[in-house]
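Here the structure comes first, spelled out in structure tokens, and everything after it is commentary.
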Amino acid sequence: MTALMLARAQFAFTVSFHFLFPAFTIGLASYLAVLEALWLRTGSGVYANLYRYWLKIFAVVFGMGVVSGLVMSYQFGTNWSVFSDKAGPVIGPLMAYEVLTAFFLEAGFLGVMLFGINKVGRNLHFVATLAVALGTFISAFWIIAVNSWMQTPTGYEISADGRFLPGPSWLAIIFNPSFPYRLVHTVLAAYLTTAFAVGGVGAWHLLRDAHNPGARKMFSMAMWMAALVAPVQIYAGDAHGLNTLAWQPAKVMAMEGHFQSHPHGAPLVLVGLIDQTHQRIDYTLEIPKLSSLLLRHDINAPLAGLDTVPPANQPPVIVVFWAFRVMVAIGFAMAGLGLWSLVARLRGRLFASPWLHRAGVVMGPAGFVAVLAGWTVTETGRQPFTVFGLLRTVDSVSPLAAPVVGTSLAAFALVYFIVFGMGIAYLLRLMAKPPQAHETALDGSPIRAAGITPASGFGEQAA
Amino acid sequence: MTLLAHIDLTVIWAVIIGFAIVAYVVLDGFDLGIGILFPLIAAGNDRDTAMNSVAPVWDGNETWLVLGGGGLLAAFPLAYAIILPALYAPLMAMLLGLVLRGVAFEFRWREPRHRVWWDRAFAFGSTLAAFMQGVALGALLHGIRVVGRGFAGGPWDWVSGFSLLTGVALVAGYALLGSCWLNWKTDGPLQQQAVRYAGRCGVALLVAIGAVSLATLGLDAHYAARWLTMPGIVFTAQVPLATLVVALLFYRSLARGSEIQPFAWALAIFGLCIVGLGISIWPDVIPARVTIWQAAAPPRSQAFMLAGALVMVPVILAYTGWAYWVFRGKAGSEGYH
């Protein structure tokens, strides 16, 4: 193993673990804000109890997101120092803005959100919840601006010694061509991930007690999200794909498994055996012309293949190809479950369909798999470059010896598997408890006795 | 842009990064210090109280470390690109320590049978992070080998008697801040215990400061030149003198049973150490190798960020101050009274 491969493995490992947590907290913070808003508006106990229920889970997820994110902010320098030197003048300020406008906002109001309701009252507490939710979104905005710039760099100048310097307009850097598409697609993914996690927990408890009002309410809310947002996400993903075709065609060729160019309409390859060494795909199951129809809106439109891209500039096709299929399959499964729930809802059987609930449980973790798969598509698809087309990954890595990087990778693997493994076990235990009529407050917090008092009771508010 | 504007922006950014580091040391110092003292605090109510006294604010405290790292990348990318690989092992160890202690805040409440382990993780992680921060500072002062635009040394360059000494010094210093914080925020036996520890940690820190200061003078001729040549010595000599005066005020306030003053005087000792650090290295960012101007990002990068920092830093300080105000007063094992 070279130092480069180890550095890539370490970044992939630490960022994949990290990404799971913000994908959940972005959605969960917004969900908590909605629950608190509904509680303040209606005074209904079911919302107060659900808020408390998910706040305990949020606290654990957020803690893991903070510490794994701290690692990321140093990985750029420790493992990718040449990249940091070369691209720092452009991406550094965007990351500094993320700290200034998002991280402090989240961290500053988190304490009040978790522990402060008796100190500041309900309305100010709601402001704190909103601030945390807003902070998670602003954080996504900046970090996706950075990532998108690495995919579709615009607005830069190149100095005499080969560094990227900002051009006259920062808007051209931030609002680079892939940014709006990636931001929408990623934030929707975070919302869907949360919706399916919430829906999975609701479904699990409905299978045990179909009359639990909290389980009913969370399942119903999650299934509304699935029915409404999953189709929007498929549309947003399609638009993102078309944008990628325009700016990073090699990535789309890898996603499609198109080694050959197709001058008279390209087939949609459903599955196949990738052989990048020989630049071919075998044993394909494919639908003629459909790829051209999807990508060019014309069944006979020509589509270039990887034969137009030198092998040295090609991404690892097998990874991109299969990760893309996992993501798309989950996306359609999400929309399918949303449709199923809509039918069940219209028939008045949303809470009386055990098979729907079983499907909901199975799909509970689907969003996490999908975001990791999608992240793999876009990041692996950018290879072999860090700044697409301009700076190679091999020219970005720190001057470190392989044993050094290997040791730190092993240390990260050990600590992450223990720490986050235990954290995920604690999360599953919290989720395994049914939501109750008098949900307890966060442990170690001062709101044990008073605070959100769901006086109106749980039972009246059956969804 | 003119050269003058460039120089000004770079100095301003050096001050802002310096401010972020000071804010980090001041704020995260006391909550890391509580972790360092944790094994000495009785399990049960006392540990719960100590933990609760920082639980609502530790996350914001640690964010200053992210601003220090992120700000360095943005304003001084060359320094970031040289220092981080040079200090690879201590920084990785620091990050892993911060992971272990950061999750402990939540995890220790999740399963009573596991609490003893997460308390150990909290103590070990806090101590490791504090020690490695000190080691990193010592290694930076000791010197980093640079060729061209990159780090040119080996994986063990950061190890030296000096860097281990600065590591121990920072552990003692954070433990002092932690015990002063507990003196302020708790009552009863835990507070009395904290006062005893504050006295001992103060001695340890002062001895360590003396040792580090003398060792720095012997480290490299250019440090000695900065501190000991006339007429500069007339000014630089004020730093150790002021440290002695503040140390006396610290012990007097501790003896009088004051709750807030020892914390303030302990912070003042840290402030003087940072002034001393500034005398040793300004205007270098990598001592004797790279100045802040050589490491600086172009004016467009620094100007764009400065606009954000001028608006956001006061806002951040305002709502951080509010959060501290919300949780003012004594903490208890059931949270704040």
Side-chain angles (χ1 to χ4, degrees), chain A residues 59-60 63-64 66-68 70-71 73-74 76-78 81-82 84-85 88-90 92-93 95-101 103-104 107-112 114-116 119-120 165-166 168 170 398-401 403-404 408 411-412 415-416 419 422-423 426 429-430 443-448, chain B residues 48 51-52 55-57 59-60 62-63 65-67 69-71 73-75 77-78 80-85 88-89 91-92 95-96 98-100 102-103 105-107 109-111 114 149-152 155 297-298 300-301 304-305 308-309 312-313 316 319-320 323 326-327 334-337:
Chain A
V60 174
M64 292 194 280
V66 166
V67 295
S68 59
L70 180 71
V71 170
S73 71
Y74 281 79
F76 287 97
T78 50
S81 63
V82 181
S84 298
D85 180 30
V90 173
M95 298 213 266
Y97 265 91
E98 185 184 16
V99 183
L100 289 168
T101 59
F103 290 166
F104 277 112
F109 286 94
L110 181 74
V112 175
L114 294 183
F115 306 115
K119 301 249 165 205
V120 300
L165 306 181
W170 280 93
S398 293
L400 294 169
V404 177
S408 63
F412 272 115
V415 172
Y416 274 34
V419 166
M422 292 300 293
Y426 294 145
R429 270 178 34 175
L430 284 170
D443 295 293
S445 79
I447 48 175
R448 203 160 287 163
Chain B
D48 294 354
M51 200 71 148
N52 285 338
V57 293
D59 188 7
E62 201 168 283
T63 307
L65 183 65
V66 187
L67 183 63
L73 167 63
L78 180 62
Y80 182 85
I82 295 172
I83 293 172
L84 268 63
Y88 191 83
L91 290 179
M92 289 295 175
L95 291 170
L96 289 170
L98 291 174
V99 168
L100 284 173
V103 296
F105 280 97
E106 266 308 313
F107 286 7
W109 299 105
R110 299 270 65 92
E111 167 58 66
H114 297 174
R149 297 182 71 86
F151 168 60
R300 273 178 185 154
S301 303
F304 173 60
M305 271 189 303
M312 289 313 300
V313 171
I316 290 164
Y319 63 63
T320 303
V326 166
F327 295 102
E334 294 277 308
Y336 279 78
H337 299 316

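Naming: A, B, ... by sequence-line order, numbering from 1 per chain. These numbers come from the heavy atoms of this one structure, side chains and all, not from hydrogens, waters or symmetry mates.
- For chain A, the nearby part of B:Met312 is the side chain; its heavy atoms alone come within less than 4.5 Å.
- Proximity to chain A (any heavy atom under 4.5 Å) is shown, for B:Leu65, by both the backbone and the side chain.
- Comparing A:Gly108, A:Pro93, A:Gly92, A:Gly63 by heavy-atom pairs within less than 4.5 Å of chain B, the highest count is held by A:Pro93.
- When each of B:Val313, B:Leu78, B:Thr320 is scored by its heavy-atom pairs under 4.5 Å with chain A, the top score falls to B:Leu78.
- Taking the side chain as every heavy atom from C-beta outward, A:Val112 and A:Lys119 never approach each other to under 4.5 Å.
- Chain A forms more heavy-atom pairs under 4.5 Å with one residue of B:Ala323, B:Gly150, B:Gly308 than with any other, namely B:Gly308.
- With sequence neighbours excluded, the residues that form a salt bridge (Lys or Arg N to Asp or Glu O under 4.0 Å) with A:Asp85 are B:Arg149.
- Side-chain contact between B:Phe105 and B:Asp59 is absent, with no heavy-atom pair separated by less than 4.5 Å.
- Looking only at heavy-atom pairs under 4.5 Å with chain B, the residue among A:Pro89, A:Ala411, A:Ala96 that has the most is A:Pro89.
- If you tally non-hydrogen atom pairs under 4.5 Å between each of A:Tyr416, A:Phe103, A:Tyr74, A:Phe412 and chain B, the highest count goes to A:Tyr74.
- Chain B forms the most heavy-atom pairs under 4.5 Å with one residue out of A:Ser73, A:Gly88, A:Pro166, and that residue is A:Pro166.
- Proximity to chain B involves both the backbone and the side chain of A:Thr78, based on heavy atoms less than 4.5 angstrom apart.
- Side-chain contact between B:Glu111 and A:Arg429 is present, with at least one heavy-atom pair separated by less than 4.5 Å.
- Proximity to chain B is limited to the side chain of A:Val120, based on heavy atoms less than 4.5 angstrom apart.
- Considering every non-hydrogen atom in both B:Phe327 and A:Gly111, the closest pair reads CZ-O, 3.5 Å.
- Between chain B and the residues A:Pro403, A:Ser81, A:Ser398, the largest count of heavy-atom pairs under 4.5 Å involves A:Ser81.
- One distance of note links OG1 of A:Thr101 with OH of A:Tyr97; it measures 8.5 Å at 0.5 Å rounding.
- In this structure, chain A has heavy atoms under 4.5 Å from both the backbone and the side chain of B:Phe107.
- A:Val66 touches chain B through its side chain: at least one heavy atom from C-beta onward sits under 4.5 Å away, while N, CA, C and O do not.
- Residues B:Glu106 and A:Tyr426 form no side-chain contact, since every pair of their non-hydrogen atoms from C-beta on lies 4.5 Å or further apart.
- When heavy atoms are compared at a cutoff of 4.5 Å, A:Val415 approaches chain B solely by way of its side chain, counted from C-beta outward.
- Residue A:Leu100 holds its CG atom at 9.0 Å from CE of B:Met305, rounded to the nearest 0.5 Å.
- The closest side-chain heavy-atom distance from B:Leu98 to A:Val67 is not below 4.5 Å.
- For A:Glu98, there are no salt bridge (Lys or Arg N to Asp or Glu O under 4.0 Å) partners at least two apart in sequence or on another chain.
- Heavy-atom distances place both the backbone and the side chain of A:Leu70 under 4.5 Å from chain B.
- At a threshold of 4.5 Å between non-hydrogen side-chain atoms, the residues B:Val66 and B:Glu62 do not count as touching.
- Only the side chain of A:Leu400 comes within contact range of chain B, with heavy atoms under 4.5 Å apart.
- If you measure heavy-atom distances from B:Ala309 to chain A, the contacts under 4.5 Å come from both the backbone and the side chain.
- When heavy atoms are compared at a cutoff of 4.5 Å, A:Phe109 approaches chain B solely by way of its side chain, counted from C-beta outward.
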